[in-house]
Structures are given as C-alpha cells and as structure tokens.
Amino acid sequence: MDASRAADGAVALAVPPEPEEKATGAPVRRQVPGLDGLRGLTALYVVLFHCWLYTFRGYPNSTAPAWLDVLMFGRLAVVFFLVLSGFSLAISPARHGWRSGGVAEFLRRRAWRILPPYWAALAMSLVISWALVPASHFGPPTGASILVYGLVAQDVVHAPTPNGAFWSIAVEAELYVLFPLLLLVRRRFGAVALAACATLPVIALGLTAAHANPVEGDNRLAVHLAPVFVAGVIGAGVVVASDRVRRLPWAWFALLAAAPVVLLGFRRGAVWTVQHYFWVDLAVAPAMTMLVAAVATGRPGALVRLLSTRPFRALGDFSYSLYLIHLPLVMVVIRRVAPRVVAPGMPTFCLTLALALPASVLGAWLFSRVFEMPFKRNRSWKSMIAAGRSRRGGRDARDGAPLPEGRHAEH
C-alpha cells in the first residue's frame, strides 16, 4: 500500500446516530453533550491533515518543516472516529438492555442516514476527478469505480478512487452490518468476551505477519479496525453505569493510558509510528474510549462546556458532509490553483489553508443543508414529503395573511 493511499483514508465516518423515538414515532433528541464537538474538531483536523499531506511530498518522510509534524497523524483520526462512532451508536442499545430494536430497521436507518449524502458527494467527486484533478495516481475513475463506490464495496474490490477518503465509508458500513452481532455478544456474554472476540484474532494476525508488523493493502481493513469500533461500543456502557462508575476520573485514565503510546512514538519518531499503525491503532483505542467516556459523563466540565458551545456543535452537526467533500476541494487548490500563483512548499500550504479550509467548511455547511439534514431530520420519504408540504403550507399561510392595519400591499 503506497503512503499516499494509506494517508488518504485518514478518517472514518463522522455520522452521529439517529435520535431515539417516542411511541408515536416522533424523533427525540437524546444527544450526549460534547460528542458533536469532538466530531467537529476531529473532522477539522482531517482537513488540515490533507492540506499538509498533499502540499509536502514523501509521506511519511515528509519534506514539511518539523514543527508541522503534528499534522501528520491523520490515521489516528480514523481510530478516534471509529471509537466515537461505536460509542455513539451503542448509547441507545445500552439504555435498552443492549438491544438495537431490530436488525433490518437498524440497517435501514443507517443506510437512510449515510447513503444519500455519500452518493451526492460521490457524484461531485467524479466530476472534479474527471474535469479538474484525479484523486489518485492510478488515474481518473472508471466505470468500475462508479459501480464499486456506488455499492460501497471499495473495502472488498479495488477500483480507481474518485475521492481518497471514501475507503472508510465502506469499512464503517461493514461494521454496521456486524453491529447487531456485537450487541448480541455484549448482551449474552459481557464486555470482556466482546473485547476478546474482536481483538484476539487481530493480534494473532499481527503476530504471525512478517516481522510481526502487517503491511496493509488498499482495502480489507475492516477486520483490523473492528477492535477500535468495539472499544467504543463497550465504552458506551459508562453512560448507563452506576453513579460510582460515572464519577470515576475517566479523563485522567485516558491520559494514563495514552502516555505509554505517546512516549513510545516520541522516542521512535513519527515515521516509525506511521509505519506501525497496525499496533498503534490497537494501543491507543482504550485511551480514546476513556476520553469519550469522560466527555459523556460531563468531565472535565470546562472541556464539555467548550465542546457544547454553538460553533463546535454546529461544526459537529455537518462534520459528515465536511468529511465527504473536503478532499476534492483541497486537491483542486493544491494541484490547480497554487502552482499558478505561489511557490511549492510553505507558500502552497499557506494558500491552501487560506482557500481550501474555509471553502471546505462553508461548502460542507451548504452541502449538508441539501443532502444531509433532510435525511437527518426525517426517517422516510413519506415524512420528508410531509415536512416539505408543511413548510410550503406555512409559507402560503403567511403570504395570504392580512396586512397589519395602516399598511397596503404594493402593486
């Protein structure tokens, strides 16, 4: 797997779970404060990572200044997003005895939530890749790309990509299919058994590989990343645990769990860390789970309040759209715009931050209004059509209302 391809997939889905429902079928928002803020910040980091990645060549031996090395760990965003995804999806089942409410309904709701904006972003990525800049050194997308990516099968079948970040959608889609089974194991056998079933086979796979460090390919990554998703699922149990468990210092536990991984990475260097992501992913997942648990239990309070402020919540609200569309925009600036106006290296990086970063955020917000939010607010085409008619009816009623006394319509 070449370095650019490996780095392209530095983020998993940033999709919050659906709201729970009342008996009447109306959605009820029961979001945990702070989680949307975490989602938004992680998505923003991924945009910065891709700005860095495509500006400076040679990943992981990048030509970037050393002080920018903090931006090179985009792969760890994949792990954090998967932990956060598993945690968020499991909150409702944890509140209901680790039951999902039906396999078919769960999968239908996940497909309804992620596929429409994904397909819209796929169409956008295909147009940009064909007309402006290919998304891969393998060349522009082909008919096979449309079929493979349209069916979300890119983790199983290889095809030239229209958007280098799309591989993780297929990974998470596979984990969605496994999710009801994970809940069954958690419900019948407990958290320890679930962790063992997901993690021990992956550890065995790693230990039997050459030099005990597997080389990952372009796809078939769901098995490797399943343990980090499972870590999030298990961590969701904190939300429904006793007060004694909820009051534990989860943030400090997260720091203690992360310290050995950070120290080892610092001692061996950034390049070594990137080349050993197979093990780093597994090692850092517990610390990330404890961090999410800390935020979910409201500690530290200052951090949760910050993450719950309107800007962070808003960013988290359209973080999935930001993930879907940012990379083509970043590549257009770096490959098409920057060479015409600035020199390579830092000038290109600064221009990319100035143009691609706000364009990605604003574009994602607009994209989400059209292709994401309608599917987030409604559970079916029927409810979406009814909501549209209701809005039109409200506008018609306002338009037809009598004017206040003393005012006359203009003709």
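Just so you know, these numbers use all the heavy atoms, side chains as well, and skip hydrogens, waters and symmetry mates.
- Of the inter-residue distances, the one linking R108 atom CZ with R113 atom CZ reads 13.5 Å to the nearest 0.5 angstrom.
- Using cut-offs of 30° and 60° on the angle between ring planes, the pair F371 and F367 is tilted.
- S368 and P374 get closest at one heavy-atom pair: O-CD, 4.0 Å.
- The shortest heavy-atom contact between F73 and A270 is CZ-CB, 3.8 Å.
- Contact annotation: the side chain of V370 never approaches that of L366 to less than 4.5 Å [non-hydrogen atoms, C-beta and beyond].
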Test log, rule side-chain contact (heavy atoms from CB on, under 4.5 Å), inputs L329 and M124: CA-CA 10 Å; L329 300 179; M124 169 188 157; 4.1 Å; yes

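- Ring pair F56/F349 is tilted by interplanar angle, where 30° to 60° counts as tilted.
- Minimum interatomic distance between L41 and L315 (heavy atoms only, all atoms of both residues): N-CD2, 4.2 Å.
- Partner of F81 under the side chain to side chain contact (heavy atoms under 4.5 Å, CB included) criterion, chosen from R39, E172, M288: R39.
- L207 contributes atom CG, which lies 11.0 Å from atom CG of N213 (distance to the nearest 0.5 angstrom).
- Between Y118 and Y149, the ring center distance fails the sub-6.0 Å criterion.
- In this structure, the separation between CZ on R268 and OG1 on T273 is 9.5 Å, given to the nearest 0.5 Å.
- Residues R110 and Y176 bring a donor and an acceptor atom of their side chains to less than 3.5 Å of each other.
- Between A364 and I325 the shortest heavy-atom distance is N-CD1, 3.4 Å.
- In terms of modelled atom types and a separation under 3.5 Å, the side chain of R220 and the main chain of V156 share a donor-acceptor contact.
- When all heavy atoms are compared, the tightest approach of I334 to C51 is CD1-O, 3.8 Å.
- The neighbour count for R187 CZ, taken as heavy atoms of other residues, nucleotides or ligands under 6.0 Å away, is above 12.
- For W272, the CH2 atom sits in a packed shell: over 12 heavy atoms of surrounding residues, nucleotides or ligands are nearer than 6.0 Å.
- Looking only at side-chain heavy atoms (C-beta outward), L71 and Y45 come within less than 4.5 Å of each other.
- Within the 3.5 Å criterion, the main-chain N or O of P162 finds no donor-acceptor partner in the side chain of S129.
- Here S62 contributes atom OG and W52 contributes atom CH2; the two are 4.0 Å apart, rounded to the nearest 0.5 Å.
- Side-chain N or O atoms of R246 include none that pairs as donor or acceptor with a backbone N or O of G298 at under 3.5 Å.
- Distance alone, capped at 3.5 Å, is enough to place a donor-acceptor pair between the R313 side chain and the S308 backbone.
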Check the pair L248 / T297 against side-chain contact (heavy atoms from CB on, under 4.5 Å), numbers first and verdict last. CA-CA 9 Å; L248 290 174; T297 54; over 6 Å; no

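- Contact check for M331 versus H50: no side-chain heavy atoms found under the 4.5 Å cut-off.
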Can you check side-chain contact (heavy atoms from CB on, under 4.5 Å) on V295 and L307, steps first, answer last? CA-CA 9 Å; V295 172; L307 293 172; 4.1 Å; yes

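- One finds the CG atom of D317 at 7.5 Å from the CD atom of E372 (value rounded to the nearest 0.5 Å).
- Between H326 and Y323, the angle of the ring planes lies from 30° to 60°, which puts this pair in the tilted group.
- T208 places a side-chain N or O within 3.5 Å of a backbone atom of L205 that can act as its donor or acceptor partner.
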Just do the side-chain contact (heavy atoms from CB on, under 4.5 Å) check on V233 and L89 with the steps written out, would you? CA-CA 7 Å; V233 172; L89 284 175; over 6 Å; no

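- Ring geometry for W381 versus F375: interplanar angle over 60°, hence perpendicular rather than tilted (30 to 60°).
- With L225 as the fixed residue, the side chain to side chain contact (heavy atoms under 4.5 Å, CB included) test singles out one of V78, V202, V230, D155: V78.
- Taking each heavy atom of T348 and A338 in turn, the nearest pair found is CG2-CB, 3.7 Å.
- With rounding to the nearest 0.5 angstrom, the NZ atom of K376 is 15.0 Å from the CH2 atom of W112.
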